[in-house]
Amino acid sequence: LLKAATALDEVCTDLPLSLDLPGAAEARRAAAAARQQLADYVIPRLRDVDAPALVVVGGSTGAGKSTIVNSLVGDEVSKPGVLRPTTRSPVLVHHPATAMWFEGTRILGGISRIRGGPATRSNQLELVARPSIPDTIAVVDAPDFDSVVDANREIATQLLDAADLWVFVTTAARYADAVPWTFLRSAVSRGMHVAIVLNRVPPGAAAEVGRHLAEMLRTEGLGTAPVFTIDEQLLDGGLLPDRSVQPLRAWLGALASDQQARAAIIRRSLVGTIGELAAQADRLAGAVDYQGEFVQWLADRVDDAFRRAHRSIAEDIRNGTVMRGEVLARWQDLVGTGELLKQLQSAIGRLRDRIGAALSGRPQATERFQGAVSHGIEIVVRERTAQAVDDAVGYWRVQPPGQALLDEVRTEGVDLTRPERGLDERTARLVRDWQASVLELLRRQGAGKRRTAKALSYGVNGLAAVLMVGIFAQTGGLTGAEVVIAGGSSAVGHQVLAAVLGDQAVRSLTETARADLERRIGADVLGVEAQRFLSVLERHRPGDRGARLREVGHQLATALDR
Ligand SMILES: Nc1nc2c(ncn2[C@@H]2O[C@H](COP(=O)(O)OP(=O)(O)OP(=O)(O)O)[C@@H](O)[C@H]2O)c(=O)[nH]1
Ligand SMILES: [Mg+2]
């Protein structure tokens, strides 16, 4: 159990609940509370079963908690008062021989200790040694647990979570209030042993009020909890007369001297608490998984946007979009389309020679054409990438945690709403590299083949240009006059290439070169842009934490069963 409890504490440390999803804030609080309870109660109790039982006196402000503790001890160890709430920092009364159990950080490590004087801050625990307290228990006077003061509520809750036993003080006027009962219910569900003190009961009302309270306790599953009734009366030196607190003192005394009864109570609340923590681990796992699912959802949307861009670019490449405008004009410069078209039907040999001459004789026109192609591809890639970035940002913005992520990285100087600054340069380099690889492809194709070698004599650059026209106007997606010019040209180009390289070779070269271009765009541009989004998500991925939580929760539950 100790091993599993320690493991749970570890898994709950810095739980990946960073995205503000519904329930995340609650889960973060629950995780913190679980860790606190492990540190304040479960782990120290599992380590030292023999440490004095911690009896926490809790209840609403003015119920008389401090007065009762003082009366039990027979001395004013905690100052009662008329200003509500009075007790701001808890007072722990212990036997002088048991100081070492409470002075260190064994329990309530987050609260500093003070001895011999009233605490100056709420987050201090005043230690008081009194021989009137048995050495097997310690009694804590807690601040009011339903306080208007936040710090009171927090520390009171922390104390109750760290207790082995509750003494719950209420009054004849307040016993039906709602808040105390939510605490009592949590005590029941944790198997916590509770004694009730019904304080300040007007003379003669004890029977009636007592009956009603007993009925309420039965309904809430606390029918077996002992109830101590204390009449409203004049105080003597701030203390209740001894006979009024004697039954409560006797009950605590019996518990203090009965090792077995004490052990049973401790075991029961320990088992109940650990059972709750195991269930809590499962709930937290759900919250962590939700974070993971949401991160994946955001990642998938990025994937959608950039896949769509990749598909669109592939289409742009095939359907002639790249061939519009300048590219087309440079192509016409290069081969003088109209004339070629007319002669398309005439002897292919002569045509080939003419094109060959045009290509090999005009290196500048070829270069200009290739420049125009680069530019055409760059425009398409830039536009589609910008669109993908817009789409991804749009998906993220719809969800508040997605928007929060965009804001978060902006504070770190990263603007995800625009493509990365180096995009244009990266695209230009990509196209240059690709064109070089097309040339390389043609050269390799030519090596050792007579027919190809002859074609290459026209100039590998010119052939590459013809091949590119084939790549960018394959399906003739152009309209009107463009069809005649580009489509015709590409037909001419294809025929020439086919004549010199063979039909099959042209097809496969076109295919290979196009696939290569698409692959490069996917990896070197779109992939890089998408990665900017995905790396933001990386730090919010919960990894295997959900599974670990379930595993540790399961270990706790099975260890309990043994
Ligand atoms: N006459 C009379 N006064 C009481 C009795 N019990 C408590 N008081 C007074 O009621 C006031 C509140 O009592 P405390 O003991 O300070 O109450 P508490 O529950 O500790 O209150 P907080 O510390 O604010 O949570 C004090 O002025 C007490 O002196 C009682 O039985 N009779
Ligand atoms: Mg008090």
Side-chain angles (χ1 to χ4, degrees), residues 54-93 111 114 117-128 130 133 138-160 163 165-184 194-206 209-210 213 227-249 252:
L54 196 65
V55 180
V56 173
V57 181
S60 305
T61 180
K65 299 181 294 297
S66 300
T67 306
I68 287 171
V69 169
N70 291 340
S71 307
L72 281 172
V73 178
D75 190 2
E76 190 181 278
V77 290
S78 180
K79 220 168 175 45
V82 285
L83 299 178
R84 302 270 70 87
T86 304
T87 308
R88 299 297 189 106
S89 52
V91 178
L92 186 150
V93 201
I111 307 176
I114 182 169
T120 50
R121 292 179 283 113
S122 69
N123 200 28
Q124 279 181 330
L125 176 65
E126 189 186 341
L127 298 178
V128 178
R130 284 290 184 282
I133 294 286
V139 177
V140 181
D141 177 26
D144 53 328
F145 59 29
D146 52 354
S147 189
V148 292
V149 181
D150 291 348
N152 278 19
R153 258 193 343 263
E154 275 162 31
I155 204 159
T157 310
Q158 190 184 351
L159 289 167
L160 290 173
L165 183 70
W166 288 8
V167 172
F168 178 85
V169 183
T170 185
T171 64
R174 307 277 310 269
Y175 70 90
D177 285 2
V179 181
W181 287 98
T182 62
F183 278 89
L184 285 173
V194 182
I196 315 282
V197 178
L198 181 60
N199 196 20
R200 311 194 71 158
V201 180
V209 177
L213 175 62
V227 178
F228 302 93
T229 305
I230 301 178
D231 282 345
E232 172 78 54
Q233 58 205 299
L234 286 176
L235 300 176
D236 181 7
L239 301 183
L240 289 158
D242 219 37
R243 63 178 153 73
S244 294
V245 286
Q246 184 51 34
L248 177 60
R249 186 191 287 128
L252 283 172

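As the structure lists them, so they are numbered: ligands from 1, and atoms in each ligand from 1. Numbers here simply count residues along the sequence, with the first being 1.
- Not one N or O on the side chain of K65 forms a donor-acceptor pair closer than 3.5 Å with the backbone of P80.
- For the side chain to side chain contact (heavy atoms under 4.5 Å, CB included) with L159, the qualifying choice from V56, V57, L54 is V56, the only one to do so.
- Counting only protein N, O or S atoms, 2 lie closer than 2.8 Å to the Mg ion (ligand 2).
- Shortest non-hydrogen contact noted between T229 and A206 is CG2-CB, 4.1 Å.
- Under the 30°/60° scheme for interplanar angles, the aromatic rings of F145 and F183 are found to lie parallel.
- Scanning all heavy atoms of the two residues, the minimum distance from P241 to Q233 falls at CG-OE1, 3.0 Å.
- D242 has a carboxylate O that lies under 4.0 Å from a charged side-chain N of R249, or vice versa, which qualifies the two as a salt bridge.
- Residue V77 comes nearest to E126 through the heavy atom pair O-OE2, 4.5 Å, listed as atom of the first residue, atom of the second, then distance.
- In this structure, the side chain of D141 does not engage the main chain of V91 through any donor-acceptor pair within 3.5 Å.
- Within 4.0 Å of ligand 1, protein heavy atoms come from S60, T61, G62, A63, G64, K65, S66, T67, P80, G81, V82, R84, P85, T86, T87, D144, R200, E232, Q233, L235, L240.
- W166 places no side-chain N or O within donor-acceptor distance of the main-chain N or O of I196, the cut-off being under 3.5 Å.
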